[in-house]
Number of protein chains: 2
Amino acid sequence: MTLTELKYIVTLAQERHFRRAAERCFVSQPTLSVAIKKLEDELDVTIFERNRSDVRVTMAGERIVSQARKVLEEAELVKQIALEGKGQINLPLRVGAIFTVGPYLFPHLIRNIKPIAPEMPLILEENYTGVLRQKLRNGELDAIIISLPFEEPDVEIQDLYDEPFEVLIPAEHPLAKQEKVTRKQLEKENILMLGEGHCFRDQVLNACPGILKHSDETSLPQGTSLETLRHMVASGLGITILPSSSSDKHIYDSDTLVERPFAGKTPYRRVSLVWRKRFSRPKAIAALVQAITSCALQGAASV
Amino acid sequence: MTLTELKYIVTLAQERHFRRAAERCFVSQPTLSVAIKKLEDELDVTIFERNRSDVRVTMAGERIVSQARKVLEEAELVKQIALEGKGQINLPLRVGAIFTVGPYLFPHLIRNIKPIAPEMPLILEENYTGVLRQKLRNGELDAIIISLPFEEPDVEIQDLYDEPFEVLIPAEHPLAKQEKVTRKQLEKENILMLGEGHCFRDQVLNACPGILKHSDETSLPQGTSLETLRHMVASGLGITILPSSSSDKHIYDSDTLVERPFAGKTPYRRVSLVWRKRFSRPKAIAALVQAITSCALQGAASV
DNA sequence: TGCTTGCAATGGCCTTATGCTATCGTGTAA
DNA sequence: TTACACGATAGCATAAGGCCATTGCAAGCA
């Protein structure tokens with residue numbers, strides 16, 4: 001049984017005439033005759049009662065033809081769905097981002113992708129780089145937003161923007177009175193840090209190698225998110241270092257917390273989009289990149 | 001797009017592994033690979049994301065596969081329905097009978113066919129021989145029950161039973177006192193007849209050629225059915241001739257109406273079943289014949 | 001590092017399926 | 001009778017669909 005044969009019987013049932021039905025199927029009359037016979041033999045049912053003057057659908061044939069029509073309709077839907085799928089940007093896209101990017105990027109992303117790909121809902125997730133990598137690899141995520149360095153086989157990486165770090169200080173702290181903060185000065189302070197696993201932690205330690213020892217000695221609590229750190233700074237536990245995007249807007253005013261840039265070479269992180277090389281929706285990725293780079297993140301420099 | 005290809009993608013989506021999926025489809029792995037690729041090319045959508053370690057269904061693929069599953073289900077139903085249709089006696093059968101047979105045969109027929117073909121409802125119709133012939137020819141009826149003679153090309157005829165005629169007489173009529181009635185005696189009576197078109201009318205005239213002239217002279221009313229004739233006989237308009245099956249049971253008792261056989265050679269009619277030579281359900285016809293011949297109609301002789 | 005393994009893709013070949021044209025047999029109409 | 005229309009059949013060409021053997025690639029193992 002083939003879809004062609006089903007089309008043949010549906011058409012013949014309509015036309016009740018082999019030659020006309022054959023024409024409508026764009027085949028010759030013998031082709032139709034043989035195909036019909038073949039299907040009847042296979043199903044072992046007479047679908048059409050032939051008569052020199054007339055072709056009639058049998059009682060059993062009626063039911064078969066009507067079911068065949070259903071099959072053809074469903075098959076037509078396959079093509080329809082495929083056509084929709086071709087657009088690539090009208091299906092959900094599963095996007096992950098590291099904890100220190102997601103909360104600040106996603107709101108802008110959602111807003112900016114609407115006009116570009118209104119039919120492409122984003123399924124979002126925040127997680128550690130390692131978890132995101134795993135989920136990208138096994139297909140649970142289509143694209144992830146991480147911070148370099150990032151090594152992984154069979155993926156494409158598109159750099160999105162560079163984001164400077166800044167120091168978050170309680171307003172009454174002596175350092176708050178300075179325009180800029182030097183790395184040397186930080187080494188004498190209690191620097192609140194994110195826990196292990198957050199790549200931002202490593203990046204901060206990389207940018208200010210001197211602070212680790214000090215923080216270890218005082219065994220300060222480790223933040224579970226940038227916002228947690230912010231709260232702890234506000235409560236006077238110490239100071240911290242944040243990526244600039246995280247100071248976009250928050251609940252503390254400048255009487256409580258102030259941000260100060262680094263003196264000298266500004267440390268920064270590079271945020272990138274990663275997807276599987278064989279991922280089948282380049283248009284969806286392009287839309288995502290466009291939406292993110294047009295975010296004009298506060299203090300971020302597009303690359 | 002073929003049903004085979006759809007089966008392939010459904011299986012591959014389940015197995016996520018070409019070789020295993022190929023095995024389950026009873027084809028070689030290359031066959032599967034090529035077929036999948038062909039379908040993807042045709043639909044112009046990547047359904048599967050291949051990876052050395054894994055085969056994954058894409059977002060668009062998910063929807064296509066699920067629709068493909070629907071198509072296969074519906075296609076499976078075609079086979080199912082064909083299988084049911086093969087039984088031949090589990091679909092309605094459209095049966096017509098002449099006016100002078102239907103009312104007396106149908107009740108028995110319905111009762112008797114139940115055990116033989118419980119799944120085959122009968123769509124019944126009463127009409128003139130000519131109309132039945134036409135409806136049989138153009139497929140509106142599957143079988144008709146008529147009385148011979150009947151000539152028609154491309155049909156099969158199965159004789160069912162012979163049915164004697166008898167005379168219906170008001171109880172107070174002089175003839176009612178006789179055991180039998182001769183044709184000679186009938187010629188002097190008012191014989192009530194069915195109207196033109198009823199073959200029974202012709203058969204009666206054939207059996208008793210002498211009565212026509214007489215009836216014409218008195219211009220008696222023509223009956224529209226055997227029951228109408230019976231009522232008119234009861235009301236004293238005359239006497240009539242009926243096939244024996246019609247006196248099976250009715251509302252008049254023997255104080256009002258009596259039936260009398262013919263003296264001499266008993267006239268009778270032969271009732272037969274007719275269907276198109278190419279009609280595709282011989283089993284249904286056989287069931288019908290069996291049901292009718294087992295009716296043991298009162299006074300009827302099976303042939 | 002090299003070797004082996006497992007996977008999907010590819011190439012070459014064969015068989016079957018599916019299509020065509022030409023023709024037949026048979027009822028129907030002129 | 002001829003002519004015609006219809007569906008069935010025969011014979012042939014080609015495309016589709018299948019197989020086996022092999023390739024290319026990545027991963028795991030020694």
Side-chain angles (χ1 to χ4, degrees), chain A residues 1-9 11-43 46-58 61 133-134 137-139 151-155 276-278 280, chain B residues 1-9 11-43 46-58 61 134 137-139 151-155 276-280:
Chain A
M1 186 170 60
T2 70
L3 288 174
T4 313
E5 285 163 358
L6 296 183
K7 192 183 69 183
Y8 288 167
I9 63 171
T11 310
L12 182 56
Q14 271 178 25
E15 293 291 339
R16 297 162 51 118
H17 191 283
F18 275 74
R19 190 180 47 72
R20 282 201 304 275
E23 266 171 30
R24 273 193 41 196
C25 293
F26 306 107
V27 294
S28 67
Q29 169 263 314
T31 298
L32 190 78
S33 275
V34 170
I36 299 276
K37 192 164 169 46
K38 176 169 164 289
L39 183 60
E40 284 183 330
D41 286 350
E42 179 184 341
L43 298 180
T46 305
I47 302 172
F48 298 98
E49 194 178 310
R50 289 100 158 143
N51 212 317
R52 30 227 95 271
S53 59
D54 203 6
V55 173
R56 270 194 301 275
V57 186
T58 64
R133 175 203 311 276
Q134 193 56 39
R137 189 184 306 177
N138 68 26
E151 291 294 328
E152 172 81 2
D154 296 324
V155 299
R276 293 183 301 279
K277 241 178 202 144
R278 292 183 175 77
S280 55
Chain B
M1 186 170 63
T2 69
L3 288 173
T4 313
E5 284 164 359
L6 295 183
K7 191 183 69 184
Y8 289 167
I9 64 170
T11 310
L12 181 56
Q14 271 179 25
E15 293 291 338
R16 294 160 52 113
H17 191 284
F18 275 75
R19 190 179 47 72
R20 281 201 304 276
E23 266 172 29
R24 273 194 40 196
C25 293
F26 306 106
V27 293
S28 68
Q29 169 264 314
T31 298
L32 190 78
S33 277
V34 170
I36 299 276
K37 191 164 170 46
K38 174 168 164 290
L39 184 59
E40 285 183 329
D41 286 350
E42 178 184 339
L43 298 181
T46 305
I47 301 173
F48 298 98
E49 194 179 309
R50 289 99 157 147
N51 211 317
R52 51 221 98 277
S53 59
D54 203 7
V55 173
R56 270 194 300 277
V57 187
T58 64
Q134 192 56 38
R137 188 183 307 177
N138 68 25
E151 290 295 327
E152 171 82 1
D154 295 323
V155 299
R276 293 183 301 279
K277 241 178 201 144
R278 291 182 175 79
F279 183 57
S280 55

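Every heavy atom of this structure was used, including side-chain atoms; hydrogens, water molecules and symmetry mates were not. Chain naming here is simple, since letters A, B, ... match the order of the sequence lines and numbering starts at 1 in each. Values in this document were obtained by computation on a predicted structure and should not be read as measured data.
For the OP1/OP2 pair of D:dG17 and a distance below 4.0 Å, the side-chain nitrogens and oxygens of B:Y8 include no atom meeting the criterion. Remark: B:R50 is not in phosphate contact with C:dA8, judged by side-chain N or O atoms under 4.0 Å from OP1 or OP2. Between A:K37 and D:dG7 there is no side-chain N or O to OP1 or OP2 distance below 4.0 Å.
Within the 3.5 Å criterion, the main-chain N or O of B:F18 finds no donor-acceptor partner in the side chain of B:Q29. The main-chain N or O of B:F48 is never found under 3.5 Å from a side-chain atom of B:T58 such that the two would form a donor-acceptor pair.
In this structure, B:M1 places its CE atom 16 Å from P of D:dA16, rounding to the nearest Å. One interatomic measurement links the two molecules: CG of B:L39 to P of D:dA16, which rounds to 14 Å at whole-angstrom precision. Look at CZ on A:R19: it is 19 Å from C1' on D:dT9, rounded to the nearest Å. In this structure, B:F48 places its CZ atom 11 Å from P of C:dA9, rounding to the nearest Å. For the pair A:E5 CD and C:dG19 P, the computed distance is 9 Å after rounding to whole Å. To the nearest angstrom, C1' of C:dG27 lies 17 Å from CZ of B:R276. Rounded to whole Å, atom C1' of D:dT9 lies 16 Å from atom CD1 of A:I36. Regarding A:L3, its CG atom lies at a distance of 12 Å from the P atom of C:dT18, rounded to whole Å.
The side chain of B:H17 approaches C:dC7 more closely than any other nucleotide in the set C:dC7, D:dG7, C:dG19. Comparing D:dA8, C:dT18, C:dA8 by their nearest atom to the side chain of A:K38 picks out C:dT18.
No side-chain donor from either of A:E15 and A:T11 sits under 3.5 Å from a side-chain acceptor of the other.
For the residue pair A:A22 and A:L32, the shortest heavy atom distance occurs at N-CD2, 3.7 Å.
Contact annotation: the side chain of A:I36 approaches that of A:E40 to within less than 4.5 Å [non-hydrogen atoms, C-beta and beyond]. A:L39 is listed as a side-chain neighbour of A:L6, based on a closest heavy-atom distance under 4.5 Å.
Evaluated for a side chain to side chain contact (heavy atoms under 4.5 Å, CB included) with A:R24, the options A:R19, A:Q14, A:H17 yield exactly one hit, A:Q14.
If you check every strand for non-hydrogen atoms under 4.0 Å, A:F26 touches sugar and phosphate atoms only.
Near DNA chain D, meaning a heavy atom under 4.0 Å from it, residues 27-34 of chain A has A:Q29, A:P30, A:S33 in order of number.
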